[in-house]
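Worksheet: the structure to be examined is printed underneath.
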Amino acid sequence: MTRRISLTQYLIEQQRQHGHIPQELRLLIEVVARACKRIAISVNKGALGEVLGTAGSENVQGEVQKKLDIIANEVLIEANEWGGHLAAMASEEMEGIYVVPNRFPQGEYLLMFDPLDGSSNIDVNVSIGTIFSVLKKPEGSAGVSEADFLQPGTQQAAAGYCVYGPQTTLVLTVGDGVVMFTLDREQGSFVLTEDEVKIPEDTKEFAINMSNMRHWDAPMKRYIDECLEGSTGVRGKDFNMRWIASMVADVHRILTRGGVFMYPWDKREPNKAGKLRLMYEANPMAFLVEQAGGAATNARQRIMEMQPTQLHERVAVVLGSKNEVERVTAYHLG
Ligand code: AHM
Ligand code: MG
């Protein structure tokens, strides 16, 4: 019989044998995984659980909140606030940071999340997910404030996502490669199903919302035009396209078989750097992708080296197979 390793076992081994993660971080990741299991249950119930549709409110980014956005946010906060491993949390669905209430012990970590990424796919039964990023509170700072969160992605202690699709899969990095765990519903536990995830350096598959093409800048348009020319053009090969409109699902495909994902700056809202959020979407995905041998830039510089200035800061995103990300970035710099 093949030996199956659970998430708990994997984390304990990381803690004990490899000294990669302190006990507090292990606990934190386990709690996030447990919250994801609860979110998966709500997602799976769908209309039967009366969780579909809009909640009748807007988040800080002016986006209409779905019922599941709010449910997932509450599940993550409730699960994480009492364990003693966190100082504060921040979420796409909350304007300010959520400081762990005084009645609970305070820990050293900061947790950021997009509770339900790909919200537009909730009601149509297409893959969605939870994205999370873990930072350590800067040493010597008394209390906790929003400024403590404004650290570059290189400082992340752990990052991951859980994709709710045909399978529920938790993908994780603690800075020692990328591992994938599939939820075993009968056992109720996450089981290691992919070790040493690697993104091929080359690809013939790109992911971008083509309907925005007329709003892109010239280097972005050049890259896609060349892909579309196929084997008769400068690239000398045919490309395939996928766009799920759930970053988690698109990144999951790229971690599985390669590809390049792009949500570039565009002229629709020229004052915004991009659509996606740096702290709880781009940074955790960049960490995973780099740990799997890929690359992640904002079309000009490495995403993980960007110094954030705001919690809900936006960023252009180009990530995935290394050689394609380098090409897109070179076109922008050139
Ligand atoms: P969300 O966090 O509100 O769900 O928005 C982020 C999502 C990404 O998952 C996805 O890549 C993108 O928005 C899709 O945007 P668009 O509908 O413009 O194609
Ligand atoms: Mg999102």
Side-chain angles (χ1 to χ4, degrees), residues 28-29 31-81 89-98 111-134 159-172 181-183 185 190 207 209 243-253 255 261 263 274-285 288 311-312 314-315 317:
L28 193 167
I29 295 167
V31 174
V32 169
R34 212 174 303 142
C36 289
K37 271 191 249 176
R38 279 185 58 193
I39 297 170
I41 290 169
S42 287
V43 168
N44 291 148
K45 281 202 176 139
L48 296 176
E50 294 178 14
V51 295
L52 303 185
T54 55
S57 50
E58 280 188 359
N59 67 11
V60 56
Q61 350 252 344
E63 298 159 341
V64 175
Q65 288 180 304
K66 301 281 177 144
K67 284 184 194 162
L68 265 173
D69 286 324
I70 294 174
I71 293 169
N73 193 59
E74 281 169 4
V75 167
L76 280 156
I77 288 184
E78 242 181 70
N80 280 287
E81 66 179 352
M89 294 177 246
S91 160
E92 178 176 324
E93 304 303 334
M94 300 186 296
E95 184 161 4
I97 64 167
Y98 179 91
L111 175 65
M112 282 165 294
F113 44 82
D114 177 355
L116 213 73
D117 179 59
S119 304
S120 72
N121 282 325
I122 295 174
D123 294 347
V124 293
N125 200 359
V126 171
S127 295
I128 48 184
T130 299
I131 310 173
F132 64 94
S133 162
V134 183
Y161 63 79
C162 186
V163 58
Y164 313 111
Q167 302 111 44
T168 293
T169 309
L170 183 84
V171 180
L172 174 73
F181 301 85
T182 305
L183 180 62
R185 284 177 198 282
F190 280 107
N209 186 337
W243 183 251
I244 303 175
S246 284
M247 190 194 200
V248 267
D250 278 312
V251 170
H252 194 66
R253 183 188 60 256
L255 284 170
F261 169 95
Y263 211 119
K275 175 183 181 180
L276 300 173
R277 272 65 42 129
L278 174 62
M279 305 290 290
Y280 41 80
E281 291 180 320
N283 266 340
M285 292 312 202
L288 288 164
L311 204 53
H312 299 288
R314 292 176 190 257
V315 65
V317 174

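Throughout, residue positions are numbered sequentially from 1 according to the sequence presented.
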Leu68 versus Ser42, closest heavy-atom pair with distance = CD2-CB, 3.8 Å
ask   = Considering all heavy atoms of both residues, which atom of Leu311 and which atom of Met279 are nearest to each other, and what is their separation?
value = O-CG, 3.2 Å
request  = Enter the distance from Lys45:NZ to Glu50:CD here, rounded to the nearest 0.5 Å.
outcome  = 11.0 Å
inquiry  = Nearest 0.5 Å, please: how far is CZ in Arg38 from OG1 in Thr130?
reply    = 12.0 Å
query = So, for Leu172 and Leu288, which heavy atoms are closest and what is the spacing to 0.1 Å?
reply = C-CD2, 3.8 Å
ask   = So do the side chains of Tyr161 and Asp117 get within less than 4.5 Å of each other, counting heavy atoms only?
value = no
key: Within 6.0 angstrom of Asn125 CG, more than 12 heavy atoms from elsewhere   = no
message = Looking at every non-hydrogen atom in both residues, tell me the closest pair between Phe132 and Pro284 and how far apart they are.
response = O-CB, 3.3 Å
query = Relative to each other, are the rings of Trp243 and Phe261 parallel, tilted or perpendicular (30° and 60° limits)?
reply = parallel
request  = Return yes when atom CD of Glu58 has more than 12 non-hydrogen atoms of other residues, nucleotides or ligands closer than 6.0 Å, and no otherwise.
outcome  = yes
ask   = Would a 4.5 Å heavy-atom cut-off, applied to side chains only, mark Met94 and Ile77 as touching?
value = yes
ask   = So do Arg277 and Met112 actually touch side chain to side chain, heavy atoms under 4.5 Å?
value = no
inquiry  = Just so I know, are the side chains of Glu281 and Val315 near enough to count as touching, which here means a heavy-atom distance under 4.5 Å?
reply    = no
ask   = Hey, what do you get for CD (Glu93) to NZ (Lys66), rounding to the nearest 0.5 Å?
value = 11.5 Å
query = Do Ser120 and Ser246 come within less than 4.5 Å of each other through their side chains, counting heavy atoms only?
reply = no
request  = Kindly compute the distance separating CD1 (Ile128) from CD1 (Ile244), expressed to the nearest 0.5 Å.
outcome  = 12.5 Å
request  = Can you see which heavy atom on Ala207 is nearest to which on Asp250, and at what distance?
outcome  = CB-OD1, 4.1 Å
task = First locate atom CG of Leu278, then atom CZ of Arg314, and finally report the distance between them rounded to the nearest 0.5 Å.
result = 12.0 Å
request  = Could you check Cys162 against Leu183 for side-chain contact (heavy atoms from CB on, under 4.5 Å), going step by step and ending with a plain yes or no?
outcome  = CA-CA 10 Å; Cys162 186; Leu183 180 62; over 6 Å; no
request  = Please round to the nearest 0.5 Å and tell me the distance separating atom CG of Asn209 and atom OH of Tyr263.
outcome  = 5.0 Å
Any Ile122 side-chain heavy atom under 4.5 Å of Tyr164 side chain = no
query = If you take all heavy atoms of Leu76 and Asn80, which pair is closest and at what distance?
reply = O-ND2, 2.8 Å
request  = Give the intermediate values and the outcome of side-chain contact (heavy atoms from CB on, under 4.5 Å) for residues Ile39 and Leu116.
outcome  = CA-CA 9 Å; Ile39 297 170; Leu116 213 73; 3.9 Å; yes
request  = Among Asp69, Asn73, Asp114, find the residue that satisfies the side-chain hydrogen bond (donor to acceptor under 3.5 Å, both in side chains) test when tested with Ser91.
outcome  = Asn73
